[in-house]
Structures are given as structure tokens and as C-alpha cells.
**Q** 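My structure is below; once you've seen it, I'll send some questions.
Start at 1 with the first residue, then count along the sequence.
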Amino acid sequence: MENNNKDLITKYLADNIVYYRKKMALTQLELADKLNYSDKSISKWERGEGVPDIFVIKELSVFFGISVDQLISKRKQRFSLFKHRYLLAYFYASIAWLIAGTTFGILSILKVDYPAWHVLIYAIPVSSLVLLWFFFFWRQIKYIFLYFTLFQWSLALSITLLIGDIYNYWVYIIILPIYLFILFMFYVIYIRKR
């Protein structure tokens, strides 16, 4: 009976490490780096061929944001509108578009002396900044580059629209070296470490 409980706990622990690692979009190597262990150890734990010591189990539970009991127990399925975390990011980004669309509609109906379509352009840097924040937190490099680029250039467009002179290119000339510098910093911080 006691051996059966050990096997169940080992299985639950292995399943939960795999589940929470994938939920955080981490590879075994990335998780190993965060815990200062080898990816072979992580692989062994996930296959149920070994169990980390109690200190590592505690460290894993803190890292995953769950209790030790949740880490070594059968995972309960919860109803969640946002099972996939990317949906959560896009949901928050869509709030900017909801506000921009509503504002565009109100300005158009009221016939305000302001080009209402500008509001839709302003939503691009806001929503891309929200997405950039999420993907930066999740360390998704390709999305960081994508949303940073979208944010940077849509911000430049928004500034030129606010100034009122779309043929004035000084904003783009100023933003280009900033953009290149930040891309270089991303490269140094994220890509060269691998």
C-alpha cells in the first residue's frame, strides 16, 4: 500500500511538473536554468524516473505559484474561460480596441471637428504595448520582437498624427536609432545567453 502511494505521488509530481512548465511556455532547459539544475534532471523528474528532494519541490511550488500539496497531488480540472494564456493577453489588448471603436463611433455620430479615424490608429500602440508586456513576462522572444516593432512604429505614426503633419519625418528618424538600440539589447540579453 505504501509503495502504491509513493508511485502515485511520483506520477502526480511528474505530470504536474510537465503541466506547469508547459503552462509557463518553458522548455526543460529553461526550467533547469531557473532552478540551477540540469535539463537531464528535469527530464528524469517528468518521466517519473526520479523525484527531486523536498527543497527543490518547495522551490518548484513557489516558482509555479502553487502549494507543495498541489504539486504532488492529482490536478483538479477547473473551469476557466482563459485556458490558454495567449487568450488572456489578446483579451486585454482588445480592450484598447473596444475603447477606440466606441470613441470612433461617438466622435463620428457627434460630428466632432476631429478626424475620428485617428483614434483607431492610437489603439495600435496601446494594444501592442499590452501584448508586449505579456509576452515579455512569458519570455516569448519572437512575439517580443513582433510586438515591440509594432509598438515602436505605430507610436511614431500616432505621434505624427498628433502633431498634425504626416509629411514630417523627424519622428521616424528619432525613433529608428532607439528601435535599433533596443533590438540590440534584446539580442544581448536573450539570444546570446542561449
**Q** Between Leu31 and Ile17, is a side-chain contact (heavy atoms from CB on, under 4.5 Å) present by the stated rule, with each step listed?
**A** CA-CA 10 Å; Leu31 180 59; Ile17 291 173; 4.3 Å; yes
**Q** Listing request: all ring-ring contact (aromatic ring centres under 6.0 Å, His included) pairs with a residue in residues 51-74, at least two apart in sequence or in separate chains.
**A**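 Every ring-ring contact (aromatic ring centres under 6.0 Å, His included) pair that includes a residue of residues 51-74, provided the two are not neighbours, is Tyr20-Phe64.
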**Q** Checking Ser43 side chain against Lys40 main chain: does a donor-acceptor pair fall under 3.5 Å?
**A**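 No, the answer is negative, given that no donor and acceptor are paired below the 3.5 Å cut-off.
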**Q** Phe104: which residues meet the ring-ring contact (aromatic ring centres under 6.0 Å, His included) condition with it, sequence neighbours left out?
**A**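 So Phe104 forms no ring-ring contact (aromatic ring centres under 6.0 Å, His included) with any residue.
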**Q** List for me each residue that meets side chain to side chain contact (heavy atoms under 4.5 Å, CB included) alongside Ile121, sequence neighbours excluded, and say none if there are none.
**A**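 So Ile121 forms a side chain to side chain contact (heavy atoms under 4.5 Å, CB included) with Trp117, Ile124, Leu157, Ser158, Leu161.
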**Q** Holding to side-chain hydrogen bond (donor to acceptor under 3.5 Å, both in side chains), I want the full list of residues that pass it with Ser41, two or more places apart in sequence or in another chain.
**A**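 So Ser41 forms a side-chain hydrogen bond (donor to acceptor under 3.5 Å, both in side chains) with Ser38.
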**Q** Can Ile178 and Gln152 be said to form a side-chain contact (heavy atoms from CB on, under 4.5 Å), step by step?
**A** CA-CA 9 Å; Ile178 296 169; Gln152 195 80 16; 3.8 Å; yes
**Q** Report the residues that fulfil side-chain hydrogen bond (donor to acceptor under 3.5 Å, both in side chains) with Ser67, sequence neighbours left out, ordered by chain and then residue number.
**A**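 Applying side-chain hydrogen bond (donor to acceptor under 3.5 Å, both in side chains) to Ser67 gives Gln70.
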**Q** Evaluate the ring-ring contact (aromatic ring centres under 6.0 Å, His included) criterion for residues Tyr86 and Phe134: first the C-alpha distance (whole Å), next the side-chain angles of each, then the deciding distance (0.1 Å), finally the verdict.
**A** CA-CA 9 Å; Tyr86 293 166; Phe134 275 102; 9.9 Å; no
**Q** For Asp15, what residues pass the salt bridge (Lys or Arg N to Asp or Glu O under 4.0 Å) criterion, not counting sequence neighbours?
**A**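 So Asp15 forms a salt bridge (Lys or Arg N to Asp or Glu O under 4.0 Å) with Lys11.
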**Q** Check the hydrophobic clustering (I, L, V, M, F, W, Y; side-chain heavy atoms under 4.5 Å; chains of links allowed) and say if Val119 and Val126 are grouped together.
**A**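 No, no single cluster joins them.
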**Q** Could you work out, with side-chain hydrogen bond (donor to acceptor under 3.5 Å, both in side chains) as the rule, every residue matching Asp113, not counting sequence neighbours?
**A**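 Asp113 satisfies side-chain hydrogen bond (donor to acceptor under 3.5 Å, both in side chains) with no other residue.
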**Q** Applying ring pair (Phe, Tyr, Trp, His ring centres under 6.0 Å) between Phe148 and each of Trp133, Trp153, Tyr179, report the one that passes.
**A**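 Testing Phe148 for a ring pair (Phe, Tyr, Trp, His ring centres under 6.0 Å) against Trp133, Trp153, Tyr179 leaves exactly one candidate, Tyr179.
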**Q** If two hydrophobic side chains count as joined below 4.5 Å and joins carry through other members, does Ile66 share a cluster with Val18?
**A**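 Result: no, two separate clusters.
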**Q** Please name all residues satisfying ring-ring contact (aromatic ring centres under 6.0 Å, His included) with Phe181, sequence neighbours left out, ordered by chain then number.
**A**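 ring-ring contact (aromatic ring centres under 6.0 Å, His included) check on Phe181 returns nothing, list empty.
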**Q** Going by side-chain hydrogen bond (donor to acceptor under 3.5 Å, both in side chains), name the residues that satisfy it together with Thr10, two or more places apart in sequence or in a different chain.
**A**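 Thr10 satisfies side-chain hydrogen bond (donor to acceptor under 3.5 Å, both in side chains) with no other residue.
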**Q** Can you list the residues that meet the side chain to side chain contact (heavy atoms under 4.5 Å, CB included) rule with Thr102, with sequence neighbours excluded?
**A**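 Listed in chain order: Leu98, Ile106.
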**Q** Under a 4.5 Å side-chain heavy-atom rule over Ile, Leu, Val, Met, Phe, Trp and Tyr, are Val62 and Tyr37 clustered together?
**A**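 No; tracing contacts between hydrophobic side chains, which count when under 4.5 Å, never links both residues.
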**Q** For Leu180, which residues count as a side chain to side chain contact (heavy atoms under 4.5 Å, CB included) partner, sequence neighbours excluded?
**A**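 Side chain to side chain contact (heavy atoms under 4.5 Å, CB included) check on Leu180 returns Leu176.
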**Q** Which residues pass the side chain to side chain contact (heavy atoms under 4.5 Å, CB included) test with Ala93, not counting sequence neighbours?
**A**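 Result, side chain to side chain contact (heavy atoms under 4.5 Å, CB included) vs Ala93: Ser127, Val130, Leu131.
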**Q** Which word best sums up how the rings of Tyr147 and Tyr143 line up, parallel for under 30°, tilted for 30 to 60°, or perpendicular for over 60°?
**A**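 Parallel, since the angle between the ring planes stays under 30°.
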**Q** Donor-acceptor check, side chain of Asp39 to backbone of Leu29, threshold 3.5 angstrom: yes or no?
**A**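 No: the side chain of Asp39 does not pair with the backbone of Leu29.
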